[in-house]
J.: 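Following this message is one structure expressed as structure tokens.
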Amino acid sequence: MSTKLDMNRLLKRGVSEIIVKEELIQLLSCGKKLRLKEGLDPSSTDIHLGHMVGLRKLHQFQELGHQVVLIVGDWTAQIGDPSGASATRPMLTAEKVKANAETYMKQFFRVVDRDKTEIRWQSEWFGKFSLADVIKLTSKFTVAQFLARDDFNNRFKAGKPIAITELLYPLLQAYDSVAVQADVEFGGQDQKFNFLVGRELQTMLRQRPQQCFMTPLLVGTDGVQKMSKSLGNYIGVDEPPNEIYGKVMSLVDNMLIQYFDLLTDVSDKELEEFRQQLASNSVNPMELKKRLARELITQLYNEEEAAKADENFTKVFQKRGLPEGIEEFEVGAEEDIRDIITRANLAKSHSEANRLLQQGAISIDGVKVSAGKISYQNGNIIKVGKHHFIKVVVRNN
RNA sequence: GGAGAGGUGCCGGAGUGGUUAAUCGGAACAGUCUGUAAAACUGUCGCCCUGACGGGCUACGCAGGUUCGAACCCUGCCCUCUCCA
């Protein structure tokens with residue numbers, strides 16, 4: 001691969017905006033090892049595919065020899081990032097933040113190379129901040145500047161509250177850039193304002209302003225809203241392979257290209273082929289989804305796991321067969337099936353089990369069950385819904 | 001300091017004395033269909049008994065009260081939010 005091609009891939013695919021692009025190209029070509037700042041806000045614990053878009057970028061830069069500086073936002077997390085939020089977020093306790101950061105990092109390094117990452121906690125510098133420092137920092141910007149920001153502006157106009165701490169958020173994030181002497185800051189497009197404050201602050205404090213590298217926001221599995229944990233439309237990087245595979249298969253079809261584009265290394269040429277095949281209906285979207293699922297699992301785990309998940313899907317869902325390793329469950333020789341599936345946690349309550357029975361969701365060895373009381377033999381496979389199975393072991397006496 | 005709004009099921013959000021286990025939307029689950037765990041369509045969606053019909057119990061911030069009857073009225077308490085200064 002030529003350097004030129006690398007550049008194209010690096011600066012175009014999965015990128016929504018770069019400020020200032022020319023300067024970044026210059027920096028990249030001068031051979032200096034760049035410090036790439038990425039902030040993690042440990043207000044929640046799950047990294048999902050939406051984050052992965054940016055993390056993949058970091059990884060690509062790492063492969064070119066650059067240094068990732070991961071900042072654990074243990075102070076800003078207590079404020080709550082106002083980005084895109086239409087209401088003030090709840091503050092977190094210090095303990096909660098610590099615990100979250102741990103799990104967060106475990107997932108972070110599924111994509112990013114740990115050896116080429118420097119981990120810094122905000123408390124390293126903010127822990128020493130005095131009121132005098134705070135006043136000095138805040139005096140550099142005006143209310144008007146901050147109100148220019150979209151989400152603040154909207155809330156202000158609508159008469160909704162903006163906590164003073166929220167105004168502090170961009171300042172703290174900006175100061176992080178100063179503290180670690182960032183060359184480039186990475187994040188989603190919604191981070192633009194914060195990044196730009198960083199640039200200004202660095203300039204004021206006589207540092208070279210960082211470049212801002214922004215990635216597009218990934219649309220969630222519902223195909224409508226951006227991927228986020230609170231909306232429940234996400235695929236977490238820490239989920240088991242079968243789970244990831246399944247969620248990919250249940251993606252709305254028209255999300256496919258975007259996911260390939262932002263989350264895989266499929267070449268531009270192939271991407272274009274996919275696009276055309278879908279447009280002309282010459283390929284079943286299912287096939288492409290399978291491919292996408294394999295690509296993702298390979299990245300997050302390995303090829304072997306991807307192949308296993310693939311096999312499992314074909315077997316269980318397409319051929320309606322049985323998965324590997326069905327759990328055994330002890331039952332009486334003659335027992336109400338509803339009691340069994342409730343006991344086996346396949347239904348939350350007896351009422352739910354009853355509903356499942358009425359809806360014809362329960363079958364034994366492929367035969368639908370309609371009555372409650374049934375006699376069993378060892379090895380009977382009870383299926384509940386589309387994908388829950390237990391293997392019967394008849395209890396003696 | 002003053003004025004006002006509100007707390008309903010997983011979430012959003014109706015309802016303001018009986019016909020309300022509680023409209024509707026979303027999520028979720030099931031079934032049908034499909035080369036897709038997509039889409040579409042249908043149904044379910046508090047707990048318990050019943051094959052079903054049906055029945056019982058518990059629920060609308062918390063605690064009391066009024067009433068034959070309360071998510072809805074009254075009293076107290078807790079919590080959230082907004083506006084003016």
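Residue numbers begin at 1 in each chain, while the letters A, B, ... track the order of the sequences. Everything numeric here is computed off the predicted structure, so don't read it as measured data.
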J.: Applying side-chain contact (heavy atoms from CB on, under 4.5 Å), name anything that partners A:Lys33, two or more places apart in sequence or on another chain.
T.: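 So A:Lys33 forms a side-chain contact (heavy atoms from CB on, under 4.5 Å) with A:Gln67.
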J.: Tracing side-chain links under 4.5 Å among I, L, V, M, F, W and Y, which residues wind up in one group with A:Ile382?
T.: A:Phe329, A:Val331, A:Ile337, A:Ile340, A:Ile341, A:Leu346, A:Leu356, A:Leu357, A:Ile362, A:Ile364, A:Val369, A:Ile374, A:Tyr376, A:Val384, A:Ile390, A:Val392, A:Val394
J.: What string of B, S and - do you get for nucleotides 48-56 of chain B, 5' to 3', if B is base contact, S is sugar-phosphate-only contact and - is no contact with any protein heavy atom under 4.0 Å?
T.: BSBSS----
J.: By the side chain to side chain donor-acceptor pair (under 3.5 Å) test, which pairs, at least two apart or in different chains, include something from residues 211-221 of chain A?
T.: A:Glu23-A:Gln211
J.: Among residues at least two apart in sequence or on other chains, which ones pass side-chain contact (heavy atoms from CB on, under 4.5 Å) with A:Ser280?
T.: A:Ser282
J.: Near RNA chain B, counting only heavy atoms under 4.0 Å, which residues of residues 241-263 of chain A show up?
T.: A:Asn242, A:Gly246, A:Met249, A:Ser250, A:Leu251, A:Val252, A:Asp253
J.: Between B:rU36, B:rC29, B:rC47, which nucleotide has the shortest distance from any of its atoms to the side chain of A:Arg355?
T.: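 When the side chain of A:Arg355 is considered, B:rC47 is the closest of B:rU36, B:rC29, B:rC47.
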J.: For A:Tyr259, enumerate each residue passing the ring pair (Phe, Tyr, Trp, His ring centres under 6.0 Å) test, keeping only those at least two apart in sequence or located in another chain.
T.: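 Result, ring pair (Phe, Tyr, Trp, His ring centres under 6.0 Å) vs A:Tyr259: none returned.
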J.: Of all of residues 294-308 of chain A, which get a heavy atom below 4.0 angstrom from RNA chain B, listed by number?
T.: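 Going residue by residue through residues 294-308 of chain A, none turns out to have a heavy atom under 4.0 Å of RNA chain B.
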J.: Output all residues satisfying side-chain hydrogen bond (donor to acceptor under 3.5 Å, both in side chains) with A:Glu352, sequence neighbours left out; order by chain, then residue number.
T.: none
J.: Mind checking what makes side-chain hydrogen bond (donor to acceptor under 3.5 Å, both in side chains) contact with A:Arg320, not counting sequence neighbours?
T.: none
J.: Please list all pairs meeting ring pair (Phe, Tyr, Trp, His ring centres under 6.0 Å) that have one or both residues in residues 265-285 of chain A, counting only residues at least two apart or in different chains.
T.: A:Phe260-A:Phe274
J.: Any pair with a residue in residues 321-343 of chain A that passes side chain to side chain donor-acceptor pair (under 3.5 Å), sequence neighbours left out, goes on the list, sorted by first then second residue, please.
T.: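 Matches after skipping sequence neighbours: A:Lys315-A:Glu324, A:Glu330-A:Arg395, A:Glu335-A:Arg343, A:Asp336-A:Arg338, A:Arg338-A:Asn354, A:Asp339-A:His350.
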J.: Assess whether one donor atom and one acceptor atom, taken from the side chain of A:Gln359 and the base of B:rG31, lie less than 3.5 Å apart.
T.: no
